Amino acid sequence: MSPKLLAGILLAFPLLVPQVLAQGKEYYVSTARGKGKKATKEQPAKDLGNIVDQLKPGDTIHIAAGTYLGRSDAGRDLIEVPVSIVGGWNDDFTARDPWGVSQTILSGDNKAANFDGNIRLEINVKDRKLAGDVTVDGIVIDNGARNQYSPDGAVLQRKFK
């Protein structure tokens, strides 16, 4: 190998490593058949909140159709690394129709004892060293059931922070 070719490879290597590292892990979530934290296609997690502690920059989360209320119906998910969240999958993750038959809805019913009235989905990357893109695609965030109304239903009483 010529010295010039070797030098070229060594100079290119640091540019290639971040690209390889940016290819994160694939996670799968299904309210219909999920359980646990494996979050594989064959054994998806039940809710996004069940896997947020495992996420690393560059990971992708595929979410099947259904309504998700948050882990333990808390009504909130906080992610602190740049990730991609792709909703609208059918239950076996072979087809995607996010605005048709496979709608993925993040909501909260405001009835659980541990309900958190803050933002339903927050992706907050405070540590700027964690570079990467954030993508949210095919997700409906529905605050309807999360809201609080006056007894006659006429006035929205939800307090925003």
Side-chain angles (χ1 to χ4, degrees), residues 12-148 158 160-161:
F13 185 73
L15 299 174
L16 296 174
V17 171
Q19 293 298 322
V20 172
L21 293 176
Q23 304 298 329
K25 187 174 176 181
E26 304 277 324
Y27 290 91
Y28 297 86
V29 177
S30 170
T31 192
R33 64 184 183 91
K35 60 183 173 183
K37 294 185 177 188
K38 286 191 177 183
T40 63
K41 243 186 211 187
E42 299 75 26
Q43 294 180 306
K46 181 94 172 155
D47 196 273
L48 177 61
N50 293 349
I51 61 169
V52 294
D53 294 338
Q54 301 175 51
L55 300 174
K56 304 281 186 255
D59 287 349
T60 300
I61 304 110
H62 303 277
I63 306 180
T67 300
Y68 296 83
L69 304 179
R71 185 169 83 188
S72 300
D73 295 340
R76 175 170 163 80
D77 290 307
L78 171 62
I79 300 172
E80 297 182 296
V81 295
V83 296
S84 293
I85 302 173
V86 182
W89 290 98
N90 64 357
D91 204 46
D92 61 2
F93 302 99
T94 57
R96 191 168 174 253
D97 184 11
W99 312 122
V101 298
S102 297
Q103 290 186 1
T104 301
I105 301 167
L106 302 184
S107 191
D109 64 12
N110 197 11
K111 295 177 183 170
N114 58 347
F115 178 78
D116 182 342
N118 285 314
I119 300 167
R120 175 59 185 92
L121 173 64
E122 181 178 357
I123 303 174
N124 189 343
V125 185
K126 295 175 189 171
D127 185 350
R128 297 297 173 211
K129 295 176 205 163
L130 298 175
D133 293 332
V134 172
T135 302
V136 178
D137 183 45
I139 303 288
V140 175
I141 298 179
D142 177 18
N143 280 329
R146 294 171 52 85
N147 292 331
Q148 299 169 3
R158 187 163 192 252
F160 294 93
K161 295 184 179 179

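These numbers come from a predicted model, not from an experiment.
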_With side chain to side chain donor-acceptor pair (under 3.5 Å) as the rule and sequence neighbours excluded, what pairs involving residues 42-53 come up?_
K38-Q43

*Could you state the interatomic distance from CD1 (I141) to CG (L106), rounded to the nearest 0.5 Å?*
5.5 Å

_Between OH on residue Y27 and OG1 on residue T40, distance to nearest 0.5 Å_ = 11.5 Å

*Could you pull out all residues at least two apart from R96 that satisfy salt bridge (charged side-chain N to carboxylate O under 4.0 Å, His left out)?*
D137

*asked:* Does any part of the side chain of L48, heavy atoms only, come nearer than 4.5 Å to the side chain of I61, both counted from C-beta?
replied: yes

*Does E26 have any side chain to side chain contact (heavy atoms under 4.5 Å, CB included) partners at least two apart in sequence or in another chain, and if so, which?*
Y28, T60, H62

_All side chain to side chain contact (heavy atoms under 4.5 Å, CB included) counterparts of D97, not counting sequence neighbours_ = V101, S102

*Quick one: side-chain hydrogen bond (donor to acceptor under 3.5 Å, both in side chains) partners of D142, sequence neighbours excluded?*
none

*Which heavy-atom pair separates F93 from A64 by the least distance, and what is that distance?*
CE2-N, 3.7 Å

_Pairing residues for D77 by the salt bridge (charged side-chain N to carboxylate O under 4.0 Å, His left out) criterion, not counting sequence neighbours_ = R120

*Residues two or more places apart in sequence or in another chain: which of them pass side chain to side chain contact (heavy atoms under 4.5 Å, CB included) with K56?*
D59

*Is there a side-chain contact between P44 and V29 (heavy atoms, below 4.5 Å)?*
no

*Counting N and O atoms only, with roles assigned by atom type, does the side chain of R76 sit under 3.5 Å from a partner on the main chain of I119, one being a donor and the other an acceptor?*
yes

*Report the distance from atom NZ of K35 to atom NZ of K37, rounding to the nearest 0.5 Å.*
15.5 Å

*asked:* If the condition is side chain to side chain contact (heavy atoms under 4.5 Å, CB included), which residues does T104 pass it with, not counting sequence neighbours?
replied: I63, Y68, I139

*Side-chain heavy-atom pair I123, I85 within 4.5 angstrom cut-off*: yes

*asked:* Less than 4.5 Å apart, side chain to side chain, heavy atoms only: is that true for V125 and V81?
replied: no

*Taking every non-hydrogen atom, the tightest pair across G138 and P98*: CA-CB, 3.6 Å

